[in-house]
Amino acid sequence: MAKLVAVTACPTGIAHTVMAAEALRRTAALMGHAIAVETQGSNGVQTPLSAADIAAADAVILATDIAVDDSRFAGKPILRTSTAAAIRDTKSVIGNALGHAPGAQPKTAASHPAPKPTPTAVRSPGLLVAITACPTGIAHTFMAAEALKQAAQAKGYRIKVETQGSVGAKNALTEEEIAEAEAVIIGADTHVATDRFAGKRLLKTSVGEALKQPARVIDEALALPAPAATGGGAAPAYADAVSGAKARQKEAQSGPYKHLLTGVSFMLPFVVAGGLLIALSFVFGIEAFKEPGTLPAALMQIGGEAAFGLMVPVLAGYIAYSIADRPGLAPGFIGGMLAAKIGAGFLGGIVAGFLAGYIARWLRDTIRLPQTLEGLKPVLIIPLLGTLAVGLLMVYVIGTPVAAIMNGLTAFLQSMTGANAVALGALLGAMMALDMGGPVNKAAYTFAVGLLASNTYTPMAAVMAAGMTPPLGLALATMVVPSRFTMQEREAGKAAGVLGLAFITEGAIPFAAKDPLRVIPAAMAGSAVAGALSMWFGCGLRAPHGGVFVLAIPNAVAPLGPYVLAIVAGTIVTTLGLMILKRRVEADPTAAPTLGTAAPTPTSPAPSGAGR
């Protein structure tokens with residue numbers, strides 16, 4: 001075991017000084033060496049080296065970006081390097097320092113074989129993946145990432161670490177890397193989404209633990225049991241098919257479309273909560289909220305003023321977040337708030353979100369600062385310049401024209417009656433069933449949701465009715481004409497019916513994927529009828545989701561009876577279309593029996609009723 005001493009120092013004496021010292025201590029310990037590290041920073045000298053430490057040292061490492069006094073190390077081999085090199089390539093720095101010391105290498109060679117011959121050291125390099133994140137996303141995030149890299153390297157593993165810092169995610173993990181990984185480590189003090197790691201060993205710990213005890217964290221992650229495989233059966237297979245279809249649609253989303261849907265997804269909870277609270281205020285009377293101090297007035301204040309008031313800022317903020325990550329949030333939210341105040345509605349929010357996102361991303365990628373000042377970019381420079389640019393554009397250039405367009409669109413839609421309303425409902429309905437959760441479906445849905453902020457509720461009702469009918473029609477068809485479907489499809493039809501009631505159009509995707517030329521036209525016909533009838537009856541919906549479960553809330557849908565009739569009519573039309581277009585399925589003698597049903601054997605009679 002070699003003995004080392006080191007000094008770390010950077011101009012500010014904060015981040016790089018401490019990070020280099022921690023990296024040297026940790027890596028030296030992993031390599032089996034003793035090291036004493038002195039830090040020289042803005043707070044003076046910390047953990048100063050004693051004369052005994054220096055006298056016993058085999059080599060000296062000066063990881064400094066400023067001049068330091070080295071006279072006390074006279075007669076000792078000295079390796080001079082930067083703090084950045086000590087942080088990023090610590091093992092090489094220590095190795096080079098020992099190479100300067102004549103007697104240190106033999107000690108190392110003699111001491112290393114004893115602890116090293118472990119299964120981890122001789123194994124073929126496996127892959128680990130990790131995410132580190134702290135509330136500020138500056139020092140600890142990157143220090144923990146470096147600690148995990150060094151610990152994994154010492155154990156003979158490859159590792160890829162994604163850092164979710166103040167300027168967004170860096171070194172992002174790919175699907176291929178996640179699939180190959182033997183374990184996943186989340187070292188974070190903030191929320192990190194883990195959906196993409198399904199089926200993997202997953203260890204969650206704090207960023208501090210990953211920084212201070214990286215070797216133990218890796219050992220704990222590898223010691224976790226492998227996740228159990230899910231069972232089979234028709235229902236799980238159908239659920240997997242729906243999930244797979246959603247995943248493929250999400251992968252296909254890119255560019256502006258992906259950013260728009262990100263904003264819409266974050267906006268939806270505000271729309272749902274606000275719309276239902278407004279509907280509840282109407283339980284006491286349509287104009288009861290006008291009486292100050294009453295419960296209806298409070299419900300209207302919470303739903304109509306607070307929740308609906310945040311819709312457009314949230315939409316704009318998270319569009320910008322999708323484009324530029326965290327630096328886009330402040331200019332996006334403020335741009336959206338300006339759009340709402342100007343009267344530009346959801347169209348203004350969309351414009352503000354894209355402006356804020358691309359401006360913030362440009363600022364993030366263009367502005368170059370010294371490493372010591374990088375922390376100012378996400379908390380000061382980008383929010384200030386981005387907000388200033390977006391705000392001035394919204395106030396002086398974009399806001400007024402977009403507000404005029406939005407007012408004209410709202411007036412046109414609210415005045416639609418008769419054939420025009422029916423045509424719009426049929427168009428929106430057909431769009432909902434064309435790709436069942438894809439870009440066309442989402443375009444119709446986003447259009448309807450955006451209009452809720454302008455108190456235009458009829459398109460939303462048409463869209464939800466049309467989105468429910470494809471899975472409901474398929475579920476009904478599997479019961480009415482079972483000969484047109486396989487046994488697996490008949491079982492899946494039950495689950496499709498539940499999804500349809502909950503307004504999850506994707507429940508029809510497995511059927512459409514298997515027989516698109518027959519299923520999609522039938523679904524589009526039924527959805528067009530449902531949407532057209534909803535608009536014809538003048539049905540309005542104040543909540544953008546929930547299916548039949550929102551119908552029980554008073555005034556959430558009005559008028560209720562005709563709206564249910566529109567859904568039933570669309571379901572029946574879808575079923576009739578399937579009866580006409582679908583062909584009879586030939587019996588499959590090799591098909592596996594459904595779960596819980598015993599297959600007849602040559603020595604046992606078939607169950608009564610079989611073959612009907």
Side-chain angles (χ1 to χ4, degrees), residues 263-318 333-350 352 399 402-403 406-407 409-416 445-465 503 534-535 537-564:
V264 171
S265 67
F266 279 98
M267 178 183 73
L268 278 180
F270 296 86
V271 183
V272 173
L276 293 179
L277 286 169
I278 291 172
L280 287 174
S281 74
F282 294 153
V283 172
F284 303 92
I286 296 299
E287 296 188 354
F289 68 90
K290 294 182 179 179
E291 187 67 32
T294 60
L295 178 59
L299 292 172
M300 181 60 73
Q301 183 180 8
I302 297 168
E305 296 177 23
F308 269 34
L310 286 170
M311 279 172 50
V312 175
V314 168
L315 172 66
Y318 281 100
F333 268 91
I334 294 168
M337 182 65 74
L338 288 171
K341 288 183 176 296
I342 292 168
F346 85 99
L347 289 180
I350 291 171
V402 174
M406 189 67 199
N407 291 335
L409 176 63
T410 302
F412 170 71
L413 290 172
Q414 290 178 341
S415 65
M416 286 185 74
Y445 182 72
T446 302
F447 172 75
V449 170
L451 291 171
L452 291 178
S454 304
N455 299 321
T456 304
Y457 305 116
T458 50
M460 189 69 252
V463 161
M464 191 169 87
F503 181 35
S534 176
M535 291 293 288
F537 294 136
C539 299
L541 174 65
R542 296 177 179 274
H545 217 292
V548 297
F549 303 103
V550 300
L551 303 185
I553 299 175
N555 299 307
V557 182
L560 179 58
Y563 188 64
V564 173

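Note that the structure is predicted; figures quoted are calculated from it, not measured.
- Note: Leu452 CG to Met267 CE = 8.0 Å, rounded to the nearest 0.5 Å.
- Scanning for side chain to side chain contact (heavy atoms under 4.5 Å, CB included) contacts around Phe537 gives Leu533, Cys539, Pro562, Leu565, with sequence neighbours left out.
- Using a 4.5 Å cut-off on side-chain heavy atoms (C-beta onward), Leu451 and Phe346 make contact.
- When all heavy atoms of Met460 and Val449 are compared, the closest pair comes out as SD-CG2, 3.8 Å.
- For the residue pair Gly336 and Val312, the shortest heavy atom distance occurs at O-CG1, 3.5 Å.
- By the 4.5 Å heavy-atom criterion applied to side chains, Met300 and Ile278 are counted as neighbours.
- In this view, Ala352 and Ala316, Met394 satisfy the side chain to side chain contact (heavy atoms under 4.5 Å, CB included) rule, not counting sequence neighbours.
- Here the straight-line distance linking atom CZ of Phe270 with atom CE of Met311 works out to 10.5 Å at 0.5 Å rounding.
- Evaluation of the ring pair (Phe, Tyr, Trp, His ring centres under 6.0 Å) rule for Phe549 yields no partner, not counting sequence neighbours.
- With Tyr445 contributing its side chain and Val463 its backbone, the two residues share no donor-acceptor pair below 3.5 Å.
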Going through the distances and angles, do Phe333 and Val314 end up as a side-chain contact (heavy atoms from CB on, under 4.5 Å)? CA-CA 6 Å; Phe333 268 91; Val314 168; 3.8 Å; yes
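- When all heavy atoms are compared, the tightest approach of Ala307 to Gly303 is CB-O, 3.4 Å.
- Of all heavy-atom pairs between Gly399 and Ala344, the closest is O-CB, 4.1 Å.
- Smallest separation of non-hydrogen atoms from Phe289 and Ala297: O-CB, 3.4 Å.
- Not a single side-chain hydrogen bond (donor to acceptor under 3.5 Å, both in side chains) links Thr446 to another residue, sequence neighbours left out.
- Legend: residues meeting side chain to side chain contact (heavy atoms under 4.5 Å, CB included) with Met337, ordered by chain and number and at least two apart, are Pro313, Lys341.
- For Leu299, the side chain to side chain contact (heavy atoms under 4.5 Å, CB included) partners at least two apart in sequence or on another chain are Leu277, Leu280, Ser281, Phe284, Leu295.
- With contacts defined as side-chain heavy-atom distances shorter than 4.5 Å, the pair Met464/Val550 qualifies.
- With contacts defined as side-chain heavy-atom distances shorter than 4.5 Å, the pair Thr458/Ser534 does not qualify.
- Nearest heavy-atom pair across Ala288 and Thr294 is O-OG1, 3.8 Å.
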